[in-house]
Amino acid sequence: MRVPLSWLREYVDLPATETGRDVQAKLISVGLEVETVEQLGDGLKGPLVVGKVLTIEELEGFKKPIRFCTVDVGQANGTGEPQEIVCGARNFAVGDKVVVVLPGAVLPGDFAIAARKTYGKTSHGMICSGDELGMGDDGSHGIIVLPPEHEVGTDAIELLQLVDEVLDIAVTPDRGYALSIRGVARETATAYGLPLSDPALLDVPGPNAFGYPVQVSDPMGCDRFTARTVTGLDPEARSPLWLTRRLQKAGMRPISLAVDITNYVMLELGQPLHAYDRTRVQGPIGVRRATQGEKLTTLDGVTRTLDAEDLVITDDRGPIGLAGVMGGANTEIDDTEGTTTEVVVEAAHFDALSISRTARRHKLASEASKRFERGVDPQAASAAAQRTVDLLVLLAGGTADAGVTEVIAPSAPHTITIPANHPDKVAGVEYGRETVVRRLQEVGCDVYGQDELIVTVPSWRPDLTDPNDLAEEVIRLEGYENLPSTLPKPPAGRGLTDRQRLHRRVGRALAGAGYVEAPNYPFVGEHVFDQFGLAADDPNRKVVKLVNPLSDEEPALRTTLLPGLLGALRRNDGRGSHDLALFETGLVFHPREELKIAVRLPVDRRPTDEEIASLTEALPLQPRHAAVVLTGAREQAGWWGKGRPSDWADAVESARVLAREAGTELLVRKGQYGPWHPGRCAELAVVVEGVEQVIGYAGELHPGVLKTLGLPARTSAMELDLDVLELASSGVPKGPKISTFPVATQDVALVVDAPVPHASVEAALREGAGELLESIRLFDVYDNAAQLGEGKKSLAYALRFRAADRTLTVDEASAARDAAVALAAERTGAVLRG
């Protein structure tokens, strides 16, 4: 909203010394977002006067038409002689009054004017256009031609109101009243503690039976409709300079007198209006919902197909306007031929939600819809219609019909009950009852009561709906800068949940293992599941889709972390970082079998456990996963020796790291799933309450997947379900007891069938060795068929034995080793090598 300071001063008697910057600071202090203060006429210096064109000589022989003019500027040039000026514009004639800038003047943009020779003539000044004076778009795109009543030599700077300050206010959706001079003036008056001259306080005649007939079929969509008629308009009447200049300063283009007046009143009072050519309206004016598929040609010349939810203005022929958005072309005020002499003025109040949806449905944002969708004062409709009628009578010589039509749906003012100390509690400041009442009255509320206040909200503030809204009004008017900075005091005894602790330990552990955290957006496209090679019935293909996605290519919420991580790996690899180890922990989303509607939780108290549970049941399932991706070197080469590339074993080891942090045993066995290489994929499982559950996969990704996604060869990945891992955990891992007695090491090499997994052999050795076993490590795998036999392999383990209370003897260590080997032989068919 652009607000000229000169216009604002009409309704608030600001001190003469107050500048636009001062008013900006005051308005910002009460909560309005004043973005800039534009200095109109900054640097402008006269003489700039009204002149009369005496003669025009057409100069020949140039590429474009050039005219040599003599202009009477009175005594402004010091001699009274006609001023000789060269001009290329052609929209003026002999006898026209124009704006002339004389030598010695400076126009906006530091453009100094001096006599200069051009086109074989000497030009002593310039005949000005609106653009050259910084007046904005007046629709003519040429020289300013003034009405004939202005005297030659009159100062044009004052006449055209070229020097002013304009406040540009970004109006938030809850402050629709600020889209008017009236609303901004009210805030200014409050900020300065000055009285407001309300332009809406007019004497308005009551409704009678002689007004233009109006039929409202949808009182929910239109709860107020005022119609007034003005006849006998002078079709040649044009908008006066003061009116057009105010529209231009406010950012609107002058069109014709009737339209300019409706725009002027809209800017002044915030009530959108529409003027119909009465001779082009057939029958009563109606308000109803459109019939699906109806057609309407709006003022912009576009024929629109209407929706059944659109609210329309009609006559006997059908729709003649899109209510609250734009009028129809078939009842347009004729500003070209100047034939309109009778108008019907519409001032109505429409449902904000309906207008907002219509404007978006038709992609047709207008000044009217911008105000209606934010909330317009319904009580201002009659005053706005009266103001429009008064201006039409004054400026166009019209006659106001005695008939007044008002269709009003019954409604009661909105009241709110609020404790007098509620703003004190919200702000943490003692305002006191008197301050609270005074500030609410300044907003426009009627306040009654002592400790419990009954507040009637003003009609222009539909955003005030509950006690906290009223508290906010008191706080903003008292000054946000006066609120103390106090830190919240959390109740003692609360800390991180077990899930949060595990999440943090996992992040620290992976970072310590050399991984870099790479969080990603939780959005995916369903094509990624085809790229991963997931089966058609895979549960991960069932996604939760967003109604309004950020990107049409990624309309769903992720069911796996890998797409985002692999995308980050691909980007970094493409930019020259080839040795990568990335991780992410985050939520994935799975739809529930039964769709439920979420309940609206209260804000005045803590929701009950049942309400929270009901809300949770309406949300998708959101388990927390952890995933890693690796490519390139895992260990760098250097003077210390050769490096090592990352491989599937590193991905498996990352899963073991997470299991250690959870304090649980991870079962690792051969598996096959989706994007992983079928021969280099490990299935990860844990035991939860005696039941084995698969929680993820790790290993090298399939070469076909890597090629499709544009990833480096031998890229590995791991992903598992952290929530299930937590269920299997024994809590926070306890620190080991350190024994002061020496360790006894025993090595064993076992020959087993090639398909037997190492994990099975290790589990048997661990169980058979008993409590004396401190650790076990696989340090060699040997598969020479000539020595071991076809289909055999040798697994060599280092077993460390230690007792907490004594030094073990050789016989004790050997006995524990033999027991371990015996159990391994029984379960896996292992034979002690050699």
Side-chain angles (χ1 to χ4, degrees), residues 502-522 524 528 531-532 540 558-573 577-588 623-636 643-662 664 666-677 680-686 694-703 705-706 709-726 728-729:
L502 176 61
H503 180 203
R504 294 195 177 189
R505 291 202 309 274
V506 162
R508 286 194 295 265
L510 289 175
Y515 292 86
V516 176
E517 188 169 15
N520 295 282
Y521 288 115
V524 296
V528 75
Q531 295 172 337
F532 278 14
N540 279 341
R558 66 189 178 189
T559 56
T560 167
L561 302 181
L562 290 184
L565 271 180
L566 292 175
L569 185 140
R570 180 177 59 250
R571 285 191 299 273
N572 284 274
D573 180 73
S577 298
H578 303 303
D579 302 325
L580 297 164
L582 309 178
F583 85 92
E584 180 180 7
T585 59
L587 301 179
V588 298
R624 183 174 292 278
H625 281 203
V628 305
V629 292
L630 308 95
T631 191
R634 185 65 175 138
E635 296 177 3
Q636 297 291 337
R644 180 180 69 81
S646 62
D647 60 16
W648 62 268
D650 294 300
V652 174
E653 179 57 25
S654 67
R656 295 185 187 277
V657 169
L658 304 190
R660 286 195 291 271
E661 290 301 321
T664 189
L666 184 68
L667 305 179
V668 181
R669 57 191 177 225
K670 183 178 180 180
Q672 182 175 347
Y673 178 72
W676 279 275
H677 191 297
R680 298 175 186 143
C681 175
E683 185 179 79
L684 312 174
V686 293
V694 176
I695 63 169
Y697 296 87
E700 183 180 314
L701 295 178
H702 195 286
V705 173
L706 299 179
L709 297 177
L711 298 170
R714 296 301 178 92
T715 297
S716 300
M718 181 279 297
E719 182 172 7
L720 56 75
D721 189 326
L722 273 181
D723 288 351
V724 180
L725 186 68
E726 181 195 355
S729 72

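Residue numbers start at 1 and run along the sequence shown.
- Partners of Glu653 by side-chain contact (heavy atoms from CB on, under 4.5 Å), not counting sequence neighbours, listed by chain and number: Arg656, Val657, Arg660.
- Side-chain atoms of Thr664 come within 3.5 Å of backbone N or O of Ala728 as a donor-acceptor pair.
- Remark: Tyr521 OH to Arg558 CZ distance equals 12.0 Å, nearest 0.5 Å.
- Under the side chain to side chain donor-acceptor pair (under 3.5 Å) criterion, His503 pairs with Thr585, not counting sequence neighbours.
- Contacts of Glu683 classified as salt bridge (Lys or Arg N to Asp or Glu O under 4.0 Å), with partners at least two apart in sequence or in another chain: Arg669.
- Counting only residues at least two apart or in different chains, salt bridge (Lys or Arg N to Asp or Glu O under 4.0 Å) contacts with residues 507-521 are absent.
- Not counting sequence neighbours, Asp721 has no partner by the side chain to side chain donor-acceptor pair (under 3.5 Å) test.
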Side chains of residues 559-567: which donor-acceptor pairs under 3.5 Å do they make with residues two or more places apart or in other chains?
{"residue": "Thr559", "atom": "OG1", "partner": "Asn540", "partner atom": "O", "Å": "2.8"}
{"residue": "Thr560", "atom": "OG1", "partner": "Leu562", "partner atom": "N", "Å": "3.2"}
{"residue": "Thr560", "atom": "OG1", "partner": "Glu719", "partner atom": "OE1", "Å": "2.5"}
{"residue": "Thr560", "atom": "OG1", "partner": "Glu719", "partner atom": "OE2", "Å": "3.4"}

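- Between the OG atom of Ser729 and the CG atom of Leu722 there is a distance of 10.5 Å, given to the nearest 0.5 Å.
- At least one side-chain heavy atom of Leu666 sits less than 4.5 Å from a side-chain heavy atom of Val686.
- A heavy-atom distance below 4.5 Å is not found between the side chains of Leu684 and Val694.
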Inset, instruction - Check the pair Trp676 / Val705 against side chain to side chain contact (heavy atoms under 4.5 Å, CB included), numbers first and verdict last. - result: CA-CA 8 Å; Trp676 279 275; Val705 173; over 6 Å; no

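- Looking at heavy atoms from C-beta onward, Pro623 lies in side-chain contact with Val588 at the 4.5 angstrom threshold.
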Below 3.5 Å, can you tabulate the donor-acceptor pairs from side chains in residues 695-703 to any protein atom, sequence neighbours excluded?
{"residue": "Glu700", "atom": "OE2", "partner": "Arg680", "partner atom": "NH1", "Å": "3.1"}
{"residue": "Glu700", "atom": "OE2", "partner": "Arg714", "partner atom": "NE", "Å": "3.4"}
{"residue": "His702", "atom": "ND1", "partner": "Gly704", "partner atom": "N", "Å": "2.9"}

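- Checking each of Val516, Leu510, Val628 against Leu582 for a side-chain contact (heavy atoms from CB on, under 4.5 Å) leaves exactly one that passes, namely Val516.
- Glu584 contributes a side-chain N or O that, together with a main-chain N or O of Asn520, makes up a donor-acceptor pair within less than 3.5 Å.
- Partners of Ala633 according to the side-chain contact (heavy atoms from CB on, under 4.5 Å) rule, which considers only residues two or more places apart in sequence or in another chain, are Asp579, Gln636.
- Using a 4.5 Å cut-off on side-chain heavy atoms (C-beta onward), Leu711 and Thr631 make no contact.
- Residues satisfying the side chain to side chain donor-acceptor pair (under 3.5 Å) criterion with Asp650, sequence neighbours excluded, are Arg644.
- At least one donor-acceptor pair under 3.5 Å links the side chain of Arg570 to the backbone N or O of Leu709.
- Under the side chain to side chain donor-acceptor pair (under 3.5 Å) criterion, Asp647 pairs with no residue, sequence neighbours left out.
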